[in-house]
Amino acid sequence: MLRTHKCGELTTNHAGQAVTVCGWVDSYRDHGNLLFIDLRDRYGLIQVVFDPSENAEAHKLAQSLRSEDVIQATGKLKLRDPGLINPKIKSGEIEIRATDLAVLNKSKQPPFLPTSDNVPNEELRLKHRYLDLRRPALQSALIMRHKLCMAVREYFDKQDFIEVETPMLGKSTPEGARDYLVPSRVHPGEFYALPQSPQLYKQLLMVGGMDRYFQIARCFRDEDLRADRQPEFTQIDVEMSFVGQEDILSTIDGLVAHMVKNVRGVDYPLPLPRMTHAEAMERYGNDKPDIRFGMELTDIGSIVKDCGFGVFKSTLENGGRIRGINAKQAADKYSRKTIDELTAFVGEYGAKGLAFFRVKEGKLDSPIAKFFSDEHQAAIIQKMGGENGDLLFFVADQPKVTSAALAALRVRLGKELKLYDPMEVKVLWVLDFPLYGWNADENRWEAEHHPFCNPNKDDLHYFETDPGKIRAQSYDLVCNGYECASGSVRVHDPAVQQKIFDFIGLKMEDAEEKFGFLLNALRYGAPPHAGIALGLDRWVMLFLANDNIRDVIAFPKTQKASDLMTEAPSPVDAKQLRELHIKTDVPAELK
RNA sequence: GGGCUCGUAGCUCAAUUGGUUAGAGCGCCGGACUGUCGAUCCGGAGGUUGCGGGAUCGUGACCCGUCGAGCUCGCCA
């Protein structure tokens, strides 16, 4: 060991001891004779004092130290004199009087100082991620991530779950996200796919009798990125045999409380609240409502169906809806100009306009208020729960558009008006998702969750009449407006599975070729089973009240899925391609 | 694939909205200093304004393209 103690672990209790510490030069203060170094490691800071009367040579060497040099310092830990105590740092009452110094690694001038308040642009941070990782924010994020993983493992281990690793090199299957492919050398022209999730393997583990499985599993999806989405990410993957939906829900309730207890130290009230998908869509406009604040969607269609405002009337006549939200006491917080910005904002979600009214002296104040009689105005105000000073927004459009636009507007206003404590974490279940959605592009029904999800038994008759109405035995866990887990009761009857493949347009022989192993397994004594997967990165992000998933991943990728540090992806040698029997065919305009 | 934003010194930013030699703070280099703690003081170096075209008497600023980064719609079973 090159050190006897970590910088951050030294306390007044160590006073008088001879210590050797290693770390990075956080800052230096050279007084000509006396020289101070703040030495940093993962655990904290300690001041090291170099005095020529202790060791002239060490003092001389110390004069050459600069930020981010890595050194080893030896000396006696001393209590500082009362007047020299620095209350700003944890170790402010102690310091090391250095007797020896070794420079373990001199640092070039770093492109940015990891301890500076000026956080450099992300491009630079990603290029020098090893420097960025020295920043306390990233260190604490990774530490929390580790603690969360430990808590997860502890929770499941105590309940007889076993962690099983599943392959990274798997079979490409239709449905779902775009695969990352890996060429096979020994099978010319053939490819593995990296897992989008261990979905099929964990079901096969159930058939294999594992009974209770979990895995902290890496997943890969070759789709466009977002602030909360990376091409490779981590799931807390769970599957159980001989259980139904309630068992998964209560098991995960316990997991959430355990995670909160471990990272926040508080007891989270259980059971977690539940809401149907239909209710979420109606009250919040989306299937991942942020329930830290209200401002729910209200339908005023029945009130305004005979009003004088043409846009509202014609929307209703064309099967549309008129829904709105009430931004309490925000009438003075949004000017005409900022409302124009909001109008453009909802336009991104397809809304053709954004009607707004300020509630003023019991009436509506707006350029379009004149189209509404006093009775209409009073009814709208009452329905919206309006009070003087409120600002009402309405979107008149097809149901889907009103949902999407108002859901997004609600989230934006909630944030801008600071309607919630950003540190708060509020979790709920969303249940009864539709099993199938109509894919207009491909002119077929497709699975909303995945094709292994069991239909709700009460809805089977809709297969022939109205497949969009079939509810799935599926459930999402939603936290602060993010989808944080998703799961379902699986199909364990090969006939049902076959029927579903057939229904989503997968031909018998294709189903046999792509999913034959699963159909086969279901024919050899498959237990009823159900499961779920939690997005680990998102949970870490939420516990840190962060909105950027890259800040909770040690080595994340950019929006174009490249690694700015290693410069992956990159071309490979012609020899490698020949071995794999691969020829590239990149159009000239993409080179 | 679409929309929006950004790119100026090592870093964070400014540049009176198109007008003289592109500035500041931090960092860096040199010097002074025995109790600092984001030390202080004195001096200094440091710029192809991402790249390529264009418009203009004149551009860091305007236009077009391009590269990179971010946000977002589509996409993400």
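Sequence lines set the chain letters: A, B, ... in the order given, protein chains first and strands last, and positions in each chain run from 1. Because the structure is a prediction, the values reported are computed rather than measured.
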Donor-acceptor pair present, A:Arg229 side chain and B:C76 base, under 3.5 Å: yes
Looking only at B:A39, B:U72, B:C76, the nucleotide nearest the A:His31 side chain is B:A39
Take atom C1' in B:C67 and the same atom in B:G50, then report the distance between them in whole Å. 8 Å
Applying side chain to side chain contact (heavy atoms under 4.5 Å, CB included), name anything that partners A:Glu223, two or more places apart in sequence or on another chain. A:Ala177, A:Arg178
Counting only Watson-Crick or G-U wobble pairs whose two distances fall under 3.5 Å, which nucleotide matches B:C71? B:G3
So what's B:G52 paired with, Watson-Crick or G-U wobble, going by both distances under 3.5 Å? B:C64
So if I take every side-chain heavy atom of A:Arg80 and compare against B:G35, B:C76, B:C73, which nucleotide ends up nearest? B:G35
Between N or O atoms, less than 3.5 Å apart, protein on one side and nucleotides 11-15 of chain B on the other: list the pairs.
unit_1: B:C11; atom_1: O4'; unit_2: A:Pro111; atom_2: O; d: 3.2
unit_1: B:U12; atom_1: OP1; unit_2: A:Asn121; atom_2: N; d: 2.7
unit_1: B:U12; atom_1: OP1; unit_2: A:Asn121; atom_2: ND2; d: 3.3

Is there a donor and acceptor pair, one atom on the side chain of A:Glu95 and one on the base of B:G35, closer than 3.5 Å? yes
Within the structure shown, what part of the strands sits under 4.0 Å from A:Glu446 by heavy-atom distance: base, sugar-phosphate, or nothing? nothing
Looking at residues at least two apart in the chain, or sitting in another chain, which of them share a side chain to side chain contact (heavy atoms under 4.5 Å, CB included) with A:Arg412? A:Glu341, A:Leu342, A:Phe345, A:Glu416
What interatomic distance, in whole Å, is found between C1' of B:C51 and the corresponding atom of B:A45? 27 Å
Conformer about C1'-N of B:U16 - syn within 90° of 0, anti elsewhere: anti
Quick one: label A:Ser91 by what it contacts on the DNA or RNA (base, sugar-phosphate, nothing), any heavy atom closer than 4.0 Å. nothing
Please work out whether the ring planes of A:Phe36 and A:His31 are parallel, tilted or perpendicular, with thresholds of 30° and 60°. perpendicular
Please state the P separation for the pair B:G25 and B:C41 - nearest whole angstrom. 11 Å
Here's a test of your reading of the structure: between A:Leu564 and A:Tyr349, which maps to the more 5' nucleotide of RNA chain B? A:Leu564
Table of protein N/O atoms under 3.5 Å from nucleotides 2-8 of chain B N/O atoms:
none

Classify the nucleic acid contact of A:Gln47 as base, sugar-phosphate or nothing, counting any heavy atom under 4.0 Å across all strands shown. base
By ring pair (Phe, Tyr, Trp, His ring centres under 6.0 Å) - contacts of A:Tyr462 (at least two apart): none
I'd like the P distance from B:A15 over to B:C62, given in whole Å. 13 Å
P gap between B:G10 and B:G2, integer Å: 34 Å
Distance check, P atoms only: B:U5 and B:A9, in whole angstrom units. 22 Å
Looking at A:Arg29 and B:C33, is any side-chain donor or acceptor paired with a base atom of the opposite kind under 3.5 Å? no
When we call it a touch if two heavy atoms are under 4.0 Å apart, what does A:Ser197 touch: a base, just sugar-phosphate, or nothing? base
Taking only the C1' atom of each, what is the distance from B:C57 to B:U40 in whole angstrom? 50 Å
Polar atom pairs between nucleotides 28-32 of chain B and protein, under 3.5 Å, N or O only, would you list them?
unit_1: B:C28; atom_1: OP1; unit_2: A:Tyr28; atom_2: OH; d: 3.3
unit_1: B:C28; atom_1: OP2; unit_2: A:Tyr28; atom_2: OH; d: 3.3
unit_1: B:C29; atom_1: OP2; unit_2: A:Arg66; atom_2: NE; d: 2.9

A:Glu223 side-chain proximity, nearest of B:G70, B:A69, B:C75: B:C75
Report yes if a donor N or O on one partner sits less than 3.5 Å from an acceptor N or O on the other, where the partners are the side chain of A:Asp81 and the base of B:G35; otherwise report no. no
